[in-house]
Structures are given as structure tokens and as C-alpha cells.
Protein chains: 4
Amino acid sequence: MEISARQVQKFNTRKKIIDTAYRIFSEKGFSVPTSVIAKEAGVSHGSIFVHFPTLNNLLVCLLSDFGDKMGRSLHILAKKCDSLEDLLNEHLNVLEENEAFYTRLISEKNRLPDEAKSTFAFIQSTVAFHFSSVVEREIEKGTVKKLPVHMLFNTWLGLVHYYLLNREFFAGFNGPVIRKYRGELLSTYLNLIRKS
Amino acid sequence: MEISARQVQKFNTRKKIIDTAYRIFSEKGFSVPTSVIAKEAGVSHGSIFVHFPTLNNLLVCLLSDFGDKMGRSLHILAKKCDSLEDLLNEHLNVLEENEAFYTRLISEKNRLPDEAKSTFAFIQSTVAFHFSSVVEREIEKGTVKKLPVHMLFNTWLGLVHYYLLNREFFAGFNGPVIRKYRGELLSTYLNLIRKS
Amino acid sequence: MEISARQVQKFNTRKKIIDTAYRIFSEKGFSVPTSVIAKEAGVSHGSIFVHFPTLNNLLVCLLSDFGDKMGRSLHILAKKCDSLEDLLNEHLNVLEENEAFYTRLISEKNRLPDEAKSTFAFIQSTVAFHFSSVVEREIEKGTVKKLPVHMLFNTWLGLVHYYLLNREFFAGFNGPVIRKYRGELLSTYLNLIRKS
Amino acid sequence: MEISARQVQKFNTRKKIIDTAYRIFSEKGFSVPTSVIAKEAGVSHGSIFVHFPTLNNLLVCLLSDFGDKMGRSLHILAKKCDSLEDLLNEHLNVLEENEAFYTRLISEKNRLPDEAKSTFAFIQSTVAFHFSSVVEREIEKGTVKKLPVHMLFNTWLGLVHYYLLNREFFAGFNGPVIRKYRGELLSTYLNLIRKS
DNA sequence: GATGAATGAGCGTTCATTCAT
DNA sequence: TATGAATGAACGCTCATTCAT
């Protein structure tokens, strides 16, 4: 069908834009001009606005896609995790795979459209959900200190985000942070929350 | 003296610009146009560039001032602190007093001139210095878990920054985060690092 | 083809800008603001920067075009010239056709980007080349005084430029200088360089 | 008298401004900001506008002073000149002493206020006057070709100006042109105008 | 649907000029 | 008279967005 062919083309163009934007934003942050995205994607500048009425809309879609992707990764990986250590390790795996973009997201969140925050919230709540169920079990078992679960979660996320946001302190300008500090992050955190 | 009167006037204008920039940047972030700063400060647009040759220079001066102010506060308050709890409380006091601007700083740090990063580093190293000396003592006394001091510090700062950077989750768009969560932050952190 | 239509339109806009810039710069010199060029050309201010990334680039393109045009004219006309008188006459023809812009070029050369100077040098060397070959022949024939060829050339160019640069002494503010003084310039110069 | 003291001060300030402007404009051309002139002169920016209501007025006064100075030099030197060669040599002496500023004047004349042109005209007419009386004598004596005197003059001035205006071709960016090419200029010109 | 030239509001910065001291 | 901080119009340039093709 002709219609289908068109739709395929449309889908491809849209995908090229999203993928390129993801890559460029990961590398240079969210203030890269749309014209640069278009050029890198190999599509016309106008095409961006055919698919996304405004730049904000592109961002929202991009973030939504990213949230879905992260969500899927987190759900899949979560199944395999029995212990908290496994879960945190898997969480770091997912972050490591998406480190550049995720770091931009938490770094420039305030400059992004409000809808971006729901993406962020969605990702965190997904993590939080799995985190909670595992941690609560461990608290019951007595292996983890009896503290409010959300505080344990915030501490973990705060620690990890601190490393991501200050990569230049830890890993040079563009180096991978998670890979380098995974062990230190995990052991410190586990040590802290465990009864000793 | 005439000279003095002029100097006072000049100083006042400079102060108006710095104070206004501090306020506006606190409220809206560092990408507010210079023309808005000027209008809010009640001076002409050109006046800004009489006092600060470039926007970058204004930012650097502003951040340097801010760093000095924070540094002074931290030094003064640190003297009074014997216990870690006191120290963290005082740290939160200083952050609370400067919450809006400090939050912008840690949030938009990567978009600021490189000199800004040294301001940030200076503030953190000041805190870290006092933190270390107190924590090491507590570790020796056996009241705090024996973990690398820098990791204990990063955990604390990560936790606090997490709350500041995600204020909208915790305290509505512009609400004060530190005041509201001071107790929870402190008790959680102290609980974690103490042997139980 | 669609592509062709677009390219024609683009070319036309570029041409409008170049032509208008050529005219305005001829009339008022090279420090006319880009906004004036745009308004006179009937395009938006931003359009100028779609076609020329910087003002300097516009100038360089304009001068390069002008140099090409002058170069072509000079080459074509030079072929027809056997005698020095013919050659100088043709040189004046070319200058007369481009008098206003050429005068601005020699007048404001030092304020233009360095690339502009190469345009100027290119034009002069083209003239010098033809001049030399003809003059050397005449020197051999004994009809022209035996003086260094480059000095004969500099004298000619100096004389012509003097009239162009001081048009207000000779021809009112915007009058054509070459047309009015062609005979006088030629006869004086030829008289000087010929043995008598 | 107090009034006298004030007048002396006033005169001194004015002189400092004129002298500095002369020096700076010689070095960098006429588009140097007034604030730079003031700083270099060691006076306040406002002082310039106490003595010269507008920048244009400063330029006019400066050029007028320069014209007077050149005029005096030319008159004094002219007295000593019997032969044309002497006269041209003295003309070059005067130009050499004022080469930098004179070159700026003939180079940027069109960007200067209209009154500047009268300065230029005055200087040239002074030279022309002495030139004419000497040349006419030589024509009568039969040592110089019988051509319109003003054309002989324009040829001379054209040649000299050509060298001054294209110094980068002849003498590197800031080198003295007259000193280097005096002999060549003189011998070429004299050779041309003399019967052979 | 895709194109990319055109748009124009807005940016940081400059600088001759003013004026209270 | 001298000062120099303050002014604001103007500049070159950017970039999200529009629209004729």
C-alpha cells in the first residue's frame, strides 16, 4: 500500500530525528540548535517541525521515549534480582548504558519543559518501586537498618547522582563514571544501610 | 570628600546590579538576559557593562562573592561545632540561608564559566575540610562506621543536593527544602553512618 | 525541477543582497549597517546571515566577485590593445564602469578584512601585467623613456587614484571623475613618459 | 591672576587631548574610541567633551591644528628652495616628519567630517602654490616639459600618496615609506617631467 | 511528507554623549 | 573646570519557527 510506504518513511524520519537528538544532546547538552540536529540527522531543518510542532514537543517526545526505554530496562532487570546488592548492581547497569543522556537529564532538568519532570519522576518511581520491595524484605529480615524506605532510596540516588553530576571531579571531562566507581558506590552504600 | 560620594554612588550601582542579579538568577536561573537584570535593578542596560565588562565577568564576580560569603559563614559556624551533628546542622543553616542561589549553582554549574566551577569547588572543599576533621575524630571514637571519609562526605552532599535539585518533588516549586526536611535529612544520615 | 526553482529563488535573494550591498557600499561606504542593506534589498535582516555567515564573509564575497569581474574585463579588453594609449584607455574604461565601488575599495581598503587586500592586489597585478608587457615594448622601440616599469606603473595608478580619491575637488561629490578627466589624465601621462 | 591659572590649566588639558589624539590616531586610525583617547591622555572621559562639544569637533580642531603645522613647515621650508628638486625634497621632508598622521588623513578622509576636507585642501593648496611658482619658472627656462602645472602637481601628489596609501606593499605594515623610497620617487618624477 | 530559504525578535556588547558632583 | 558613572540607541549575530514549493 502507498499509505503504508509513506508511513514507513515518516516513521523513519521521525526516528532519525529522535535518535540524532538523543546522541547530540547526550554529547553536548540540550542547548544545541535544532538546525544542528537536522544536519546531523540528514534531514531538512523543516522536517523537525513537521514531526514536532515545537522544540519543546521534540524534547517531551524524546524524554518520553527515553523514559520508556529506561522503564523497560529496569523492569526486565528487576525480575532477576533477589538481593538488594543485585538490584543496585542492575540499576547501575541500566544507568551505565544510558549514562551520557541520563546525566544530561538530571543536570539540565530545570531548563527542560515541565513535562520532562514527569519523565524523570516516572523513571525514579520505577526504580523506587523495585527498590522498595527488595529493601522492605531486607529490613524485615533484619539485614538492613530500619529507616524509612524512601530515605534509603533518596540516599542511594543522591549518592549516584552526585557522582554523575560532578563527573569532572571524578572521571575527567567525558569519562564514564559508573564503570569507574561502581564498586566504591555499592560497597559504601551497602555498608551504610546494613546493620553492623 | 567628593570622591567618596562618587565612589559610594558607584558602589551602590554595582551593588544594585549584583543584588538584583543574585535575586533574579536565584528565581529564574542564569540565562536571564542582561536587559532584564538592568530593568529590575533600575539602571540602564549599558550600566551593567560599565561595571562588568562581560556577562561572564558579572557571573564570575557574583559567584566569587557568593563563594566568599559561604566560605565565611562556614568557617565561623564550624568553630562552634564539636559533634558531627552540630556541624551538619550548621552546614544546613548556611545552605538554608542561601538555598535558592546555591541550588541554581549546583543545578546550572555546567553552563557557567569555568571560573564558576572553582567557586563551587572552593565551597565544597571548605565544607569537606571541617567535615573530615570532625568525622575522623568520631571514627576514632568508634561512633561512626569506619568508611573512607570522602565517601561519607559524598553521601551527605549527595543526599542534600538530591533534595535541593528535586525541590518540586519535596516542597513545591519554590518552597524551602532545607527547612522542611532538615530533621529527616539529619536523622537519616546520622543513623546510616553510626554503628548500630 | 522543484530543486531548480528553489535554487533560482535562493540565487536571486543572494543576488539581491550582493547587488544591494554593492550599490549601498558604493554610495555610502563599507560601514553601512547590515540592517540597512537588508531593508534596501527588501529582505529580512536575518536573511543576510543565511547567505553570508558574517559581515566579513559578505565583504569577502562581494570583493571577490568584484575582483573577478574586473579581472575578466581587464583580460578581455587587454587583448585588443596594441599601443599603450589603447591599454590605458581600456583601463579607464573598466574603472569608469566600476568607478564608485572601485573608489570605495581603494579608499577604505585598510578597514576591510585582509582577504580584501588580496582582491585589491589581484586587480592591480592584472593591470600591471598587461601594462608591463606593452610598456616594455614601447621602451624597446624608444618611444617611452627608459625608466623602471614598476615606477611608470605606480605613477599611472597614483595619478588615476588621486583623481578618484579626491573626486570632490574635481567633479563634485558624486560626479563621474574618469569620464570628465579621461583626456587630461591620458594626455598628461603619455606626455610625461614619452621622449620629447 | 586666578583666571589666568585656570586658563593655563584649561589650555594644558586641551593640549593633552589634542596631542594624545594626534598620536593615537596616527597609530591606530580615527576610529579609536574617545574613552581610549581620554585614558591615554590622562584626563577624564568627560573632559574631552568639555573642550570639544562633539567628537567631530575634536577632529575638526585636530585637523585644523595639523593643517596649520603643515602649513608653517611648508612655508618655512619653501623659502629655501630655488630648484624644483629642492622643493620636492623639502615637501618629502615635511611629509616624512608627519608621515603617520598624514597617511591616516589621506586614507580616512572620507570618514572624517566635511570640514576635514578643507584642511586637506589647505595643505595641498599651500604645496601647490610653491610648486607652481617653481615649476612655472622651470617651464619657462625650458627644463621642464610644457604641461599644465596642476597636472604636474597632481602627478607628483598622486605618486607620493600612492606610496603612502599602499605602505604594506612597499614598506611592511608600519615602516616609513618616504625615507625608504625618497630617491626613487624623486628621480622617477624628475625624469618624467624633464625634457629628455 | 519533505524541503530549506526566509523571518524577526532577541541577545551581548559598544561608545558618543550627558550631567550631577 | 574637571570628573567619570550613567545612558540608550545601534551594532553584528543567533535560532526557533513559518511556508511556498
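Chain letters run A, B, ... following the sequence lines, proteins first, then strands; residues in each count from 1. Quick note: numbers below take in every heavy atom, side chains included, and nothing from hydrogens, waters or symmetry partners.
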E/dC15 phosphate, OP1 or OP2, under 4.0 Å from D/Ser35 side-chain N/O: no
Earlier contact from the 5' end, DNA chain E, for A/Arg14 and B/Gln9: A/Arg14
Residue pairs passing the salt bridge (Lys or Arg N to Asp or Glu O under 4.0 Å) test where at least one lies in residues 42-57 of chain D, sequence neighbours excluded: none
Protein-nucleotide distance (B/Leu55, atom CG; E/dT14, atom P), rounded to Å: 12 Å
For atom NE2 of D/His51 and atom C1' of F/dT3, their distance in whole Å: 11 Å
Minimum-distance nucleotide (side-chain atoms of A/Pro33 versus E/dT13, F/dC13, F/dA16): F/dA16
Shortest side-chain distance from B/Thr54, nucleotide among E/dT3, E/dT17, E/dT13: E/dT13
Atom pair distance, as rounded to whole Å: CD1 in B/Ile17 and P in F/dA5: 12 Å
Donor-acceptor under 3.5 Å (C/Lys16 side chain, C/Phe11 main chain): no
Parallel, tilted or perpendicular, as decided by the 30° and 60° cut-offs, for the rings of A/Phe101 and A/Phe30: perpendicular
Point-to-point distance, once rounded to the nearest 0.5 Å, from NE2 of A/His51 to CG of A/Leu58: 11.0 Å
Side chain to side chain donor-acceptor pair (under 3.5 Å) against B/Asp19, all qualifying residues, sequence neighbours excluded: B/Lys15
Distance-only polar pair, side chains of C/Lys117 and C/Asn110, donor-acceptor under 3.5 Å: no
Extract from the structure each pairing of a protein N or O with an N or O of nucleotides 7-9 of chain F at less than 3.5 Å, listing the distance.
{"unit_1": "F/dT7", "atom_1": "OP2", "unit_2": "B/Ser44", "atom_2": "N", "d": "2.8"}
{"unit_1": "F/dT7", "atom_1": "OP2", "unit_2": "B/Ser44", "atom_2": "OG", "d": "3.1"}
{"unit_1": "F/dT7", "atom_1": "OP2", "unit_2": "B/Ser47", "atom_2": "OG", "d": "2.8"}
{"unit_1": "F/dT7", "atom_1": "O5'", "unit_2": "B/Ser44", "atom_2": "OG", "d": "3.3"}
{"unit_1": "F/dG8", "atom_1": "N7", "unit_2": "B/Gly46", "atom_2": "N", "d": "3.4"}

Pairs satisfying salt bridge (Lys or Arg N to Asp or Glu O under 4.0 Å), at least one member in residues 48-68 of chain A, at least two apart: none
Whole-Å gap separating C1' (F/dT14) and CZ (C/Phe52): 18 Å
Summary of salt bridge (Lys or Arg N to Asp or Glu O under 4.0 Å) pairs that have at least one residue in residues 29-45 of chain D, sequence neighbours excluded: D/Arg23-D/Glu40
D/Lys39 NZ - F/dT3 P separation (whole Å): 14 Å
Nearest-angstrom distance from the residue atom CZ of C/Phe49 to P of E/dA9: 16 Å
Whole-Å distance separating the NZ atom of A/Lys10 from the P atom of E/dG1: 5 Å
Stem segments of DNA chain F by first residue number [Watson-Crick or G-U, under 3.5 Å, at least 3]: E:2-21 with F:2-21
A/Lys10, NZ: over 12 other non-hydrogen atoms inside 6.0 angstrom: no
Atom-pair distance (CG on B/Asn12; C1' on E/dA20), nearest Å: 15 Å
